[in-house]
Peer 1: 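What follows is a structure written as structure tokens; I'll ask about it next.
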Amino acid sequence: MDNMNDILILGIETSCDETSAAVVKNGRFVLSNEIFSQIDIHKAYGGVVPEIASRSHVEKIDMVVAAAMEKAGLTFADLDAIAVTYGPGLVGALLVGLNYAKGLSFSAGLPLVGVNHIRGHISANFIDTDLEPPFVCLVVSGGHTTLLHMDSYDKIEILGETRDDAAGEAFDKVARALDLPYPGGLMLDRLSVEGSVNIPFPQAFLEDGTLDFSFSGLKSAVLNYLNKMRLTNQPVNYADVAASFQNAVVSVLTAKTMQACERTGSNVLALAGGVSCNSGLRASITDACAKRGIKLYMPPTVLCTDNAAMIAAAGFYQYKRGAVSPLELNAAPRIEIL
Ligand code: KG4
Ligand code: ZN
């Protein structure tokens with residue numbers, strides 16, 4: 001039974017190619033988490049087509065929100081606030097969810113809480129767990145590769161980030177070069193399981209001490225390798241390429257994440273973002289944390305990729321500290337985490 005003091009938040013997420021709505025209680029307990037994935041729609045084009053994504057969000061949002069409310073067994077009058085992703089992401093896609101949330105906020109008389117998508121990814125770690133700040137978090141998504149220290153629910157300190165491609169971007173580009181269908185990262189992960197790590201692709205550790213990342217050199221090295229092999233008519237074992245590439249990414253991510261824990265003296269680590277679904281990364285980080293006695297939080301894969309439950313979870317902590325948004329809130333396709 002919900003009691004009077006429970007805070008119920010409807011989350012809405014439309015920043016890329018998932019239309020999602022969720023109801024989360026007290027930032028931790030998921031009452032519903034409806035996700036309509038557009039994968040089948042974009043597959044024919046080999047990637048997300050922004051205009052098609054926006055249209056599909058418009059078509060589905062009503063149904064997805066209604067389903068989330070129905071599964072939670074609630075009416076809008078039971079809610080305390082509406083949390084919605086306002087950036088970063090595709091501007092047209094963001095606007096669909098944001099305007100829907102604004103309309104609902106106005107008509108139902110509920111506060112609007114604009115949530116940064118990346119803070120949403122981090123907050124997936126609060127769902128069904130006892131995790132509380134401070135902790136170190138590795139954010140690895142399609143657009144971000146960032147090591148950060150979460151000082152409090154509000155305050156974040158960036159420890160390092162990618163200087164060029166995000167890890168997910170590198171996965172998607174290499175997957176494309178290996179003729180894998182969209183969504184590339186997941187397909188590459190599956191293929192890598194069948195291969196061996198036997199091609200020495202470069203791992204960019206950069207100059208001594210930095211917790212920054214760089215993946216564009218690795219991506220180019222894989223593309224150059226494939227071109228060279230094709231031009232000289234040598235056979236290429238795609239599974240070995242996938243395994244060797246994935247290993248190179250995972251090695252750097254693991255090493256720097258452990259350095260981040262060491263430097264901050266933190267023995268609590270959380271993973272966030274779509275790439276944290278990666279089987280190699282999960283295994284490597286689990287192993288490294290076990291060796292060092294670091295407590296590791298990894299959301300289940302459905303909460304690592306885009307979903308509205310994580311947005312409602314982030315929205316809960318913002319709502320609690322009074323960080324509600326005006327109805328003038330605009331979509332912000334390029335905002336950073338801070
Ligand atoms: O966090 P996310 O769902 O969306 C963004 O906010 O960007 O992340 C999507 C990224 C894509 O680049 C996708 O290829 C990657 O996460 N991804 C994976 C895996 N599953 C999703 N990358 C590697 N291995 C996976 N299993
Ligand atoms: Zn995301």
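In each ligand, atom 1 is the first atom listed, and ligand 1 is the first ligand listed.
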Peer 1: Which protein residues have a heavy atom under 4.0 Å from ligand 1?
Peer 2: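 Heavy-atom contacts below 4.0 Å: His117, His121, Ser141, Gly142, Gly143, Gly168, Phe171, Asp172, Gly185, Leu186, Asp189, Gly273, Gly274, Val275, Cys277, Asn278, Thr305, Asp306.
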
Peer 1: Do other residues, nucleotides or ligands put more than 12 heavy atoms under 6.0 Å from the CZ atom of Arg28?
Peer 2: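 Correct, the count exceeds 12.
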
Peer 1: Give every protein N, O or S atom lying under 2.8 Å from the Zn ion (ligand 2), naming each by residue and atom.
Peer 2: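 Counting only protein N, O or S atoms under 2.8 Å from the Zn ion (ligand 2), the list reads His117 NE2, His121 NE2, Asp306 OD1.
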
Peer 1: Have Gln234 and Thr232 got a donor and an acceptor in their side chains that come within less than 3.5 Å?
Peer 2: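 Short answer, yes.
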
Peer 1: Specify whether Phe201 and Tyr225 have parallel, tilted or perpendicular ring planes, treating 30° as the upper limit for parallel and 60° as the lower limit for perpendicular.
Peer 2: perpendicular

Peer 1: Restricting to salt bridge (charged side-chain N to carboxylate O under 4.0 Å, His left out), what partner residues turn up for Arg321, sequence neighbours left out?
Peer 2: Asp154

Peer 1: Distance to the ring centre below 6.0 angstrom and angle to the axis at most 45 degrees; does that hold for Lys43 and Tyr182?
Peer 2: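 No, cation not above the ring by the 6.0 Å, 45° rule.
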
Peer 1: Flag the pair Lys173 and Glu169 as a salt bridge only when some basic side-chain nitrogen lies within less than 4.0 angstrom of an acidic carboxylate oxygen.
Peer 2: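 Between Glu169 and Lys173 there is a salt bridge, with a charged N closer than 4.0 Å to a carboxylate O.
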
Peer 1: For the residue pair Asp189 and Ser279, confirm or rule out a side-chain donor-acceptor distance under 3.5 Å.
Peer 2: yes

Peer 1: If the condition is ring pair (Phe, Tyr, Trp, His ring centres under 6.0 Å), which residues does Tyr238 pass it with, not counting sequence neighbours?
Peer 2: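 For Tyr238, no residue satisfies ring pair (Phe, Tyr, Trp, His ring centres under 6.0 Å) once neighbours in sequence are set aside.
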
Peer 1: Is it the case that Asn116 and Tyr86 place a side-chain donor and acceptor less than 3.5 Å from each other?
Peer 2: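 Side chains of Asn116 and Tyr86: no pair found under 3.5 Å.
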
